[in-house]
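Report on the following structure.
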Amino acid sequence: MIFNKRTHTCGELNAVSIGETVTLNGWVAKKRDLGGLYFIDLRDRYGITQLKITPENKDLHSRVTKIGNEYVISCSGKVVSRESANKNIKTGEIEVEVSELQVLNESLITPFVVEEDIKANEDLRLQYRYLDLRRKKVLDNLILRNTIYQIVHNYFSDFNFIEVETPILMKSTPEGARDYLVPSRVHKGKFYALPQSPQTYKQILMVSGLDRYVQICKCFRDEDLRADRQPEFTQIDIEMSFVTQEDIFQLSEGLFRKIWHETIQYELPEKFPQLTYDDALNNYGIDKPDMRIKELMVIRKLTECFANTEFKVFKDVVETDGIIAGIKINVNDSNEKIEITRKISDSYTDYIKKFGFSGLAFLKVNENDEIQSSILKFLNENEIISLKNKLALQKGDYAFIISGKKSLVLNGLGQLRLKIAEDFNLLDNKKHEFVWITDFPLFNYDDETDRYAGEHHVFTSPKDEYMKFLDSKEKEEILSIRANCYDLVYNGNEIGSGSIRIHNSDIQKKVFNIIGLTDDEANEKFGFILEAFKYGAPPHGGVAFGFDRLVAMLCGTKSIRDVIAFPKTVSAASLMDNAPGFVSVEQLNDLGVSLIKL
């Protein structure tokens, strides 16, 4: 089919273009019949232009009557001034009087109307993703994603980084989430794994002398999904030799300042605040605190207020080395009106039970500066005064108190802080608050498997002052080891993670031993990197940022599915092409793989 080549897109004509003869190509977004006078909204990725077809051209007019939504057409005509301007679109001052029109392709009636205020559910939109992508909102997300791609490439090029593609088919490793496995046809019975990250490869690149590496790469994890997870995702992967933690912070902060400035014209601070892992948990109950509410609700330890209490609930906790802690809501410091009724406080009691607590103590300070609470009858006067001072309670303030095992209490209060903040609109979306969380534990302990695991990953270097504990057999000492690792948190979301790496094979072996890998297992899984460290490995470190999550946040959406062209559902399925699918017996035989019925 021969069609007229477009002279303009559907988003660039304006009053300056009046009088020109133009050719536009695109999709019919809407057709209106006003008593024989037809108007068509023609759409392409750049915008919408209104077409006008008058009854005088009978042949053209009769063909327009048969055109439906989502037909692909080409049209030519004269740009004229629009009688009723539409200020909501860039081309709203003009329209095109069509003199020639050609249908390039017809369309079936679509399963949903392609419009911004869409009524269709997400599964239907994902099944017909090619239609959903025609919507400006979704298309704009992908355009912003592309813009950020270009910013990242240019930024690291300016700092002399080398972009290197690392393998997609690699060896399965024992740490982290489940691997996606790929059977080998040539090596029967053996499997590749899709990379959860290029971690070992980028460390090998440092050993190779490529002192500045960057890659926007695909990673794969076979794990349960939610709004901010996909089986395959994209990250900005960075590694550098001869650097300190502060070097990595400085480089990363510059990248985010540039992205925020060039995409949403927002100026981030020259230096991002830093908070240790322990301080984050003790003050905010979570290792990814939302700093938009940092001063409104800070956790306070209250155990010492009840050291000699007769209140059985608190007394039992004190005697079993638990903690008592609470949060005060600084009502007077909030721009939003906060009023917590008995009904609301009861709902928070129900909420906190999901985290393993039997109850929640609620306090309020009335106009007479007196504390009101159902637990006051169990406390003596000194305990009440101490509690008021510790929480710095003032008129109009509210507070909540829970008790139990330290980790559970801090997590419970951390979740409650976020719940209250959401309920009372305390999370200002106009704020952009970044914070580095540093000094994470090197190891955690899994009671179910009765073994240690890397808190981040097993290539993270311990801080110098904790190196001595790598030889310890004491659980307390091993769990006390702090690592040279860090997370970047943005508005309560972890957006990146990294560390200074181990570059000494002896230290790396000690870490492997602690997580239960024998020398033989370590050599089987990681022998290549242990060997590489023996040939002049430089000190090095890096960081990786979740690219999908970054784009989603800048687009103002909670789900990264909204910023990925062809995402999977929460069950890791692609509804458009029905992946994953079955394969033939012949294909399985080629791979030396047989299926068993579970």
Side-chain angles (χ1 to χ4, degrees), residues 1-61 63-64 67-105 107 113-117 133-151 154 258-266 554-556:
M1 175 182 290
I2 298 174
F3 61 93
N4 293 327
K5 185 175 180 180
R6 67 181 177 186
T7 60
H8 297 78
T9 69
C10 295
E12 64 178 298
L13 298 174
N14 53 40
V16 177
S17 310
I18 292 174
E20 294 182 28
T21 298
V22 300
T23 298
L24 304 177
N25 299 329
W27 287 261
V28 174
K30 185 184 295 184
K31 185 180 77 172
R32 303 180 297 283
D33 180 4
L34 302 182
L37 178 64
Y38 281 102
F39 291 97
I40 289 176
D41 287 346
L42 191 66
R43 177 204 335 111
D44 64 11
R45 80 172 235 211
Y46 304 96
I48 289 178
T49 297
Q50 180 170 283
L51 309 180
K52 180 180 180 181
I53 299 98
T54 61
E56 284 75 18
N57 189 329
K58 294 184 178 179
D59 175 60
L60 181 62
H61 192 265
R63 283 189 284 128
V64 169
I67 290 176
N69 285 356
E70 304 309 318
Y71 274 45
V72 186
I73 65 173
S74 176
C75 65
S76 298
K78 190 175 183 179
V79 181
V80 298
S81 179
R82 189 165 167 171
E83 289 185 12
S84 300
N86 182 351
K87 296 180 181 180
N88 296 321
I89 58 175
K90 292 187 294 184
T91 61
E93 295 179 282
I94 59 91
E95 61 189 11
V96 176
E97 284 190 344
V98 178
S99 57
E100 185 179 346
L101 185 146
Q102 182 181 10
V103 174
L104 303 179
N105 215 334
S107 172
V113 179
V114 180
E115 58 187 354
E116 292 310 301
D117 187 19
L133 287 172
R134 293 180 189 174
R135 296 193 300 127
K136 184 178 185 301
K137 182 177 181 180
V138 183
L139 191 58
D140 283 350
N141 289 350
L142 295 185
I143 292 171
L144 179 60
R145 185 184 179 104
N146 173 72
T147 299
I148 299 171
Y149 256 106
Q150 305 309 318
I151 293 170
N154 293 334
K258 188 173 180 66
I259 291 172
W260 257 246
H261 171 74
E262 295 191 15
T263 57
I264 61 172
Q265 292 73 56
Y266 188 93
L554 284 170
C555 289

Gap separating the CD atom of Gln50 from the CZ atom of Arg32, nearest 0.5 angstrom: 5.0 Å
Approximate separation, where rounding is to 0.5 Å, of Leu42 CG and Ile48 CD1: 9.0 Å
Side-chain donor/acceptor of Arg82 to backbone N/O of Ser84, under 3.5 Å: yes
Nearest heavy-atom neighbours spanning His8 and Glu12: CA-OE2, 3.3 Å
Minimum heavy-atom distance between Leu13 and Thr91, given as atom pair plus value: O-CG2, 3.3 Å
Crowding at NZ, Lys52 (>12 non-hydrogen neighbours, <6.0 Å): yes
From CZ (Arg43) to NZ (Lys30), nearest 0.5 Å: 11.0 Å
Atom of Glu116, atom of Lys137 and distance for their closest heavy-atom approach: OE1-N, 2.9 Å
Where Gly11 and Asp44 come nearest, the two heavy atoms and their spacing: N-OD1, 4.3 Å
Heavy atoms of other groups near Lys31 NZ, more than 12 under 6.0 Å: yes
Side chain proximity check, Leu139 to Arg134, heavy atoms < 4.5 angstrom: no
Distance (rounded to the nearest 0.5 Å) between Glu100 CD and Ser74 OG: 7.5 Å
Shortest non-hydrogen separation from Leu37 to Ile53 and the atoms involved: CD1-O, 3.6 Å
Interatomic distance, Ile67 atom CD1 to Ile40 atom CD1 [nearest 0.5 angstrom]: 5.0 Å
Counterpart residues, side-chain contact (heavy atoms from CB on, under 4.5 Å), relative to Thr7 (two or more places apart): Val22, Thr23
Atom pair CD1/NE2 of Ile151 and His261 - distance to nearest 0.5 Å: 9.5 Å
Any Tyr46 side-chain heavy atom under 4.5 Å of Cys10 side chain: no
ring-ring contact (aromatic ring centres under 6.0 Å, His included) contacts touching residues 15-38 (sequence neighbours left out): Tyr38-His61
Minimum heavy-atom distance Glu70-Val114, with the two atoms named: OE2-CB, 3.6 Å
Thr49 and Ile94: CA distance, side-chain angles, deciding distance, side-chain contact (heavy atoms from CB on, under 4.5 Å) verdict: CA-CA 8 Å; Thr49 297; Ile94 59 91; 4.1 Å; yes
Atom CD of Glu20 with >12 non-hydrogen neighbours under 6.0 angstrom: yes
